[in-house]
Each structure stands twice: as structure tokens, then as C-alpha cells.
> 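This is the structure, below, for whatever I ask next.
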Amino acid sequence: MSHGFDYDLVIIGAGVGGHGAALHAVSCGLKTAIIEAADMGGTCVNRGCIPSKALLAASGRVRELRNAHHLKSLGIQVGSVEFDREAIANHATNLVGKIQGDLTNSLKRLGVDIIRGWGKLVGTQKVSITGDGGEKSITAKDIILSPGSVPFVPPGIEVDGKTVFTSDQGVKLESLPNWVAIIGSGYIGLEFSDIYSALGCEITMIEALDQLMPGFDRDIAKLAERVLITPRDIETKVGIYAKKVIPGSPVVIELADFKTKEDLDVIEVDACLVATGRIPATKNLGLESLGVELDRRNFIPVNDSMAVLSGGEVVPHLWAIGDANGKMMLAHAASAQGIVAVENIVGRSREVDYRSIPAAAFTHPEISYVGLTETAAKELGEAEGFEIATSKSYFKGNSKALAENEADGIAKVVYRKDTGEVLGVHIFGLHASDLIHEASAAIANRQSVNTLAHLVHAHPTLSEVLDEAYKRAIAH
């Protein structure tokens, strides 16, 4: 026990990041408390990854069973397929309840004190908690900030939570609008377009940048657009932004050209989902009491050990993890950062290897990637003086994908020409979110395609798509 302190470690925010940090802290022998003002489990468990996966699972099954052409090719016929919107929504809600309970119980079982209320810094190694029972303060040798993020709503868009809403309300699936506009074509917009189109809604997708799916590798985005958007009831508007969105029945959306800002059109839809990314929830944390200034995008500045910085200098005993530091806005990245922060707290130097952290969009079929895009790899090569190459393989050459009659898909490997080191892997196709981890391990170990091409994969499995891409890389 740290002499003179109430706790060894206090964590503000019990999302996936705070939870991961708390579990690791206990295993390192630290007396730990976690403070949460809202829902245990944070965004991921309550309003993000978890409920959206439940909706995607159910709606994906509906899409599959309604795809008469695909079933017929396998020799199967199904009568009419009905679904109950409320029951699908309940599946998501029940899953949230279960996982939230599991997360809370795991903390209690390990002896982590869960303190309900709003935690903020009131000086070095001191936190105040404002809750139902008034205000109290506690001291800790170290403090980890893990406040997470909230959906970003651009200016001009008015959200009422019913007809114009963010992913926070979207995962509740309170209605299935006939015609829904989705603003943004990142992974949140894509996943919701998958859910809504499977359940019979018409969609207009509005993307301000000059291409759809701007965050994804171009080869992946092109094929994904051909499979996930073009054949579905989705109209797309690219290079166009929603200048004004007024809730109501109908929702009125004023569209303008993103570059020139000139007005283009006004559309009326039944509902509008705003999926324009997320911003850090870094207000009212008391950072100013320690002289810490947020960066220009309101993220908490940290170094690679997750220590908070003030004017480039480390603030002793203060750490920040997860969405709020802006390094990588993914639940599993937050958890990894939590573990790294605790390792550094107990005196073991460790940093996060962001290049090997994978990400996925759970559309049907899925998209996943790890490491650098081809563009980013080229830039790194120019800076460091090496050339890059890419190799691709296709699901339509994979026996397992053909057996499933799900042959849309591609795997792309980006690697260094000189050493063969893998810099990035991008997959679009059946089970991409599971397949990516082999590539993630290869990048974590800085492996070369020369070694990877000789690994043996079980046949026939989807994993051979990667095997094939590695083999093609050394055949160049």
C-alpha cells in the first residue's frame, strides 16, 4: 500500500480502457479504485461496439435468408422471412446488460472499489468525486484519466435524438425509417448502412470528402463500394456536405458542395444518422488545476508511456488512455494503453505498438486492416529511403470461400521491397475481422514476407487468402 494515500491507483472512467487498466493494476498488486459517472463499460459496451454487433448479427441473418439467389445457388429454398424490430433491438439491449454486468462483476471480484460520480482532478494526486451523496475527495499515488469520447455533431446539424440522431441513439433501433440519410461513410456509417439496408430501409449516404470510405485503403474501398453499396438500396453523394439538418417529419437536409460551399440541393428524409466521427470527452476533468492544456483538437497530450504532458514535460503521476488522448480511437487500443500505463506506473518501461493493432468494420462481408495503408507506407518509404511493394490475393481463388459461395473479397499486403517486412495488411471479405490477427502478429514481430510465405495453413480455410498473398509477394 502506498504510504499516506487512499489508493495506489485511481482511474477516472470505467470504459473498456479503464477496465483493462484496473484488471492489470490488481494483477500488479496495486490497490485500485475506478470512478464512473454514467454507464459502466462506457461507449463500447453501452452505445458502440457491443450493441452494434448484436444488430449486425441479426440484420445480417435477415439479409442472408432473404437472398434467394444466393440460397438457390446452394440448393436451398426458404419461404418468406419475417423479423420483429423490437425483438432485434431487445437482443442488443440484453447483450449490453449481460456484458455490463460481467464487466462490473469482474472488477468487484478482484477487489477494485467502484465509486459512482463525476471524478475530476483537484491537484497533484488528488481527485474529487461529485455524486448523489454530495462531494468527497480521495488521494492516489497515480491517476489514470480514461474519460472516452462522444459523437461529433458538425455545426448546422440539430440533433433531437429521434429523427436526427447519432450512433448513441442509433444502436437502440427504436424505428426503421423508410428513408434514412447517413452522414459520413466511415466505419460507423458503413455498419449502420448494412443494418438499415438489410432491414428494408432506403439510404442516402452523404460524404463530404471526395471519395467514399476515406479512411480505408483505396483497393479495399473500391471493392467494398462495389459489394456493400452499389447493389443495395443506397444512393451516395460524394464531395457534398450537410450544411443544415433540421429534425422533424420530414427531416430537412440542405446540401452544399464541400469545396466551393455553394448550395446544391435540399432533400427531405424520414430520419438522419450523424456518423461524422467522435471527439474526446475532456471537459471538466480539472486538468487546469495541474496546468495541463489540451491540444488544438481537445485531446489530452501524452507520450508513448501514456504519461500526460504539460508543455512537452511529463506531469508526474498522471496518465491518460483511450479515445481522450487521440492516439487511436478503438476500444482494444484503449485497453492496451491501460496496460502500458500500469506497466510504467510499476516501473516497467513499455510502449504501445500502434502499427500492430488491428481494426475492423463488421459489415457483410467484413473489412479489416492492420498497419499502414499503401499511401502511408509510401510516405514512410520516402522519408526513410526504402521502396514498398504490394501483393494481392482474391477470395474467388479460395476453395473455402467458393464452398460458401461467398467469393467477394481481397487481401492486400503492403511490404518493404528490400527486407520484405510487412507494413500493412488490408482484408475485405468473409470473416476478415478474424483473419486479420495473423497479420497483426506478423507485424508485431516485424516479420518478412520471405518467412511468412513458408508458413503452412490448413486447407481449405479462408486463412489461405493471406497465405496466397504472402506467396505472391515473394514470387514478384
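The basis for the numbers below is simple: all heavy atoms, side chains too, and nothing from hydrogens, waters or symmetry mates.
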> Report the residues that fulfil side-chain contact (heavy atoms from CB on, under 4.5 Å) with His70, sequence neighbours left out, ordered by chain and then residue number.
Asn67, Ser73, Leu74, Asn405, Glu406
> What pairs with Thr104 under side chain to side chain donor-acceptor pair (under 3.5 Å), at least two apart in sequence or on another chain?
none
> Checking the side chain of Asn344 only, and the main-chain atoms of Val340 only, is there a donor and an acceptor separated by less than 3.5 Å?
yes
> Under the salt bridge (charged side-chain N to carboxylate O under 4.0 Å, His left out) rule, collect the residues that match up with Lys378, sequence neighbours excluded.
Glu374
> Residues in ring pair (Phe, Tyr, Trp, His ring centres under 6.0 Å) with Tyr241, at least two apart?
Phe258
> Taking Arg226 first and then Asp408, would you say they form a salt bridge - that is, a charged N and a carboxylate O separated by under 4.0 Å?
no
> Can you list everything that forms a ring pair (Phe, Tyr, Trp, His ring centres under 6.0 Å) with Tyr354? Sequence neighbours excluded, please.
none
> State whether the number of non-hydrogen atoms from other residues, nucleotides or ligands found under 6.0 Å of Glu313 atom CD is greater than 12.
no
> Under a 3.5 Å distance rule, please check whether Arg232 uses its side chain to pair with a backbone N or O of Ser197 as donor and acceptor.
no
> Would the distance check show the side chain of Ser305 and the main-chain N or O of Ala307 forming a donor-acceptor pair, the cut-off being under 3.5 Å?
no
> Not counting sequence neighbours, which residues clear salt bridge (charged side-chain N to carboxylate O under 4.0 Å, His left out) with Glu404? List them please.
Lys400
> List the residues meeting salt bridge (charged side-chain N to carboxylate O under 4.0 Å, His left out) with Asp304, not counting sequence neighbours, and say none if there are none.
none
> Nearest heavy-atom pair of Gly18 and Ile321: which atoms, and what distance?
N-CD1, 4.0 Å
> Output all residues satisfying side-chain contact (heavy atoms from CB on, under 4.5 Å) with Ala441, sequence neighbours left out; order by chain, then residue number.
none
> Does any pair with a residue in residues 331-348 pass salt bridge (Lys or Arg N to Asp or Glu O under 4.0 Å), and if so which ones, sequence neighbours excluded?
Glu343-Arg348, Glu343-Arg350
> Please examine the side chains of Lys243 and Ile253, heavy atoms only from C-beta on, and report whether any two atoms are closer than 4.5 Å.
no
> Checking the side chain of Gln337 only, and the main-chain atoms of Gly322 only, is there a donor and an acceptor separated by less than 3.5 Å?
yes
> For His332 and Pro358, indicate whether the former's side chain and the latter's backbone hold a donor-acceptor pair under 3.5 Å.
yes
> So Val370 and Arg355, do their side chains get closer than 4.5 Å, heavy atoms only?
no
> List in chain and number order the residues that pass salt bridge (charged side-chain N to carboxylate O under 4.0 Å, His left out) with Glu382, two or more places apart in sequence or in another chain; answer none if no residue qualifies.
none
> Test your reading of the model: is there a side-chain donor-acceptor pair from Asp194 to the backbone of His364, 3.5 Å cut-off?
yes
> Considering only NZ, NE, NH1 and NH2 on the basic side and carboxylate oxygens on the acidic side, decide whether Lys141 and Asp8 come within less than 4.0 Å.
no
> For the residue pair Thr461 and Asn398, what are the closest heavy atoms and their distance?
O-ND2, 3.0 Å
> Using a 3.5 Å cut-off and no angle test, enumerate the donor-acceptor pairs between side-chain atoms of residues 425-432 and protein atoms at least two apart in sequence or in another chain.
from   : atom 1 : to     : atom 2 : distance (Å)
His426 : NE2    : Leu372 : O      : 2.9

> With a 4.0 Å cut-off on N to O distance, would you call Lys261 and Asp257 a salt bridge?
no
> Using the side chain to side chain donor-acceptor pair (under 3.5 Å) criterion, which residues pair with Ser59? Sequence neighbours excluded.
none
